[in-house]
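All remarks here apply to the structure that follows.
Here is the naming used below: chain letters follow the sequence lines, and residue numbers restart at 1 for every chain.
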Amino acid sequence: MPWDAGRIRAIRTRLLDFYDEGRRDLPWRESLDPYRIWVSEVMLQQTRVDTVVPYYRRWMERFPTVEVLAEASSEEVLRLWQGLGYYSRARNLHNAARVVVEAWDGVVPNTVEALRQLPGVGEYTAGAVASIAFGAPVPAVDGNVRRVLARLADDPDPTPARLRRWAGALVDPERPGDFNQGLMELGALVCTPRAPGCARCPLEAECRARREGTQELRPLPRRRGRVRRAVAVSLVLHRGTGAETEVLLERRPDDGLLGGMWSTPTRELSPEAGNGVREGAESDRTKVDEASPVLETLRGLLRTTMEDAGLPFHSMPGRKMGAAKGADSLPPVDHAFTHLRVRYLPFRIPLVREDGDPDGSPDPSPDTSFRWVPLVARGGVPLPVAQESILASLESEIGEGAEGGPVP
DNA sequence: TAAGCGTGGTT
DNA sequence: TAACCAAGCTT
């Protein structure tokens, strides 16, 4: 343990003073309601405070209690999370709310061990909720705390177990929630990853890295894996005209990338084909000649989509299986995930309903994951950012030539 | 233990 | 443009 009892007392006092004077006014600091603290901690996982604030306000307006959240549909829950990323957080929070209502009679459990059992609640979140909402003298080690402690102890790469031990010894038993938030606040505002403000740090006198001049080298950056690159074809089937336009969307499986979110049917190119496309791609539209792997992928995607959604090919008069060649490309959309960079190549195909043909473009049967959704309102379904972008370009394309022409 | 999982801001 | 980062969790 790098600090004796006297040092620990000094750290507690100075940190709590710092927090009392400099704490930011944030919406989740307006009450100690465990549910509200819990939601904020989940939203803040790997996400900036400024980004979270508006989401948090909307969430609390719609889901003010754990009971209200538990009764909501997963569709609406994801819709309110749309744009925040890491969507498993929303699914886990929703499921955890149901657990709290059913197994805990609607009362959020007050121990680290019990909180830890809830889906989406790990060691950090359990400690944060237990200390902030319930006053439990337990540590809460996030990225900020890791950085602050690594510098205080001048340890290049402290293990999680060591960090928990240190934080547990330091936490103020009288005000554990404020102490833990103070540690995080210090990391966020003063003890920053680059150019830390040591001159205004309340713990400067206790900081070994500062004394050694190594503060900017602590802690060691986490090495990250390679970012995979991919090219994918997206099929934008639409029917109707103008404000009545609808697009065919598919709900993605609950596990994996963008789980539970809705999307135009999309298929990745093989890695080799994807590389070829990226090398040749310059224009803002995708050219598809007969031998193009893009066209092959689009053909396969079109066929399986029509089959799976139960749409008859005669809803594309004169085109049938040749419909893919008649597809119009929309502008490519480049999107970067944490571990994946995708170039989406969207193609649109209008499905027409001939007079007297009631099966022109029927609704998919309810047991499929497909649905026709109004383009303008997006049907209220949750969409990933890249899909919003694809649908926006369809809107602007359809808007031209419709009433009034393009918007100035 | 390491990889998978989003997005937007900053450098 | 690319790399890096931000109140982590799950498998």
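- Classified by interplanar angle (parallel below 30°, tilted 30° to 60°, perpendicular above 60°), the ring pair A/Phe337/A/His339 is tilted.
- Under 4.0 Å is where a charged nitrogen must lie from a carboxylate oxygen, and between A/Asp142 and A/Arg147 no such pair does.
- Distances shown here put a side-chain N or O of A/Gln46 below 4.0 Å from the OP1 or OP2 atom of C/dG8.
- Side-chain N/O atoms of A/His339 include one lying less than 4.0 angstrom from OP1 or OP2 on B/dC5.
- We find that CG of A/Asp255 is positioned 12 Å from C1' of B/dG4, with the value rounded to whole Å.
- Within 4.0 Å (heavy atoms only), A/Ile37 reaches no atom of the nucleic acid at all.
- Between A/Arg175 and A/Asp178 there is a salt bridge, since at least one side-chain N of the basic residue sits less than 4.0 Å from a carboxylate O of the acidic one.
- One interatomic measurement links the two molecules: OH of A/Tyr87 to P of C/dG8, which rounds to 18 Å at whole-angstrom precision.
- Using a 4.0 Å cut-off between charged nitrogen and carboxylate oxygen, A/Glu76 and A/Arg62 count as a salt-bridge pair.
- The A/Glu41 side chain lies nearest to C/dA7 when the options are C/dG8, C/dA7, B/dC5.
- The shortest distance between the side-chain N/O atoms of A/Arg147 and the OP1/OP2 oxygens of C/dA6 is below 4.0 Å.
- For the residue pair A/Arg348 / A/His238, a side-chain donor-acceptor distance below 3.5 Å is found, with atom types taken as modelled.
- Across the protein-nucleic acid pair, A/Arg226 atom CZ and B/dA2 atom C1' stand 15 Å apart, rounded to whole Å.
- Taking only side-chain nitrogens and oxygens, A/Thr125 comes nearer than 4.0 Å to OP1 or OP2 of C/dC9.
- In this structure, A/Tyr124 atom OH and C/dT10 atom C1' are separated by 18 Å, rounded to whole Å.
- Of the N and O atoms on the side chains of A/Ser263 and A/Gln387, at least one donor lies less than 3.5 Å from an acceptor on the other residue.
- A/Trp28 comes within 4.0 angstrom of a nucleotide base, judged by non-hydrogen atoms across all strands.
- At a threshold of 4.0 angstrom between heavy atoms, the contacts of A/Gly85 include nucleobase atoms, whether or not backbone atoms are also involved.
- Separating the P atom of C/dC9 from that of B/dG8 is a span of 22 Å, rounded to the nearest Å.
- Of all nucleotides listed (C/dA7, B/dG6, C/dT10), C/dT10 comes nearest to the side chain of A/Arg116.
- A/Arg89 and A/Gln46 share no donor-acceptor pair across their side chains, judged by distance under 3.5 Å alone.
- Spacing of P atoms, B/dA3 relative to C/dC4, comes out at 15 Å, to the nearest Å.
- The listed nucleotides are C/dA7, B/dG6, C/dT10; the one nearest the side chain of A/Leu257 is B/dG6.
- Residue A/Phe337 has its side chain nearest to B/dG6 when only C/dT10, B/dG6, C/dA6 are considered.
- On the P atoms, C/dA7 is 23 Å away from B/dC5, given to the nearest whole Å.
- If you measure from atom CG of A/Leu78 to atom P of B/dC5, you get 16 Å, rounded to the nearest angstrom.
- Projected onto DNA chain B by closest heavy-atom contact, A/Gly225 and A/Ala336 fall at different nucleotides, the more 5' of which corresponds to A/Gly225.
- Rounded to an integer number of Å, the gap from A/Met43 CE to B/dG8 C1' is 16 Å.
- The separation between A/Leu163 atom CG and C/dG8 atom P is 13 Å, rounded to whole Å.
- Across all strands shown, A/Thr47 has heavy atoms under 4.0 Å from base atoms, whether or not it also approaches the sugar-phosphate.
- The residue among A/Val121 and A/Arg194 whose nearest nucleotide of DNA chain C lies closer to the 5′ end is A/Arg194.
- Across the interface with DNA chain C, nearest-nucleotide mapping of A/Glu123 and A/Pro221 shows A/Pro221 to be the residue nearer the 5′ end.
- At the phosphate of B/dT7, OP1 or OP2 sits under 4.0 Å from a side-chain N or O atom of A/His335.
- Residue A/Arg252 is classed as having no contact, given no heavy-atom separation below 4.0 Å to the nucleic acid.
- Counting only heavy atoms from C-beta on, A/Tyr86 has its side chain closest to C/dG8 among B/dT7, C/dT10, C/dG8.
- Between A/Leu84 atom CG and C/dG8 atom P there is a gap of 13 Å when expressed in whole angstrom units.
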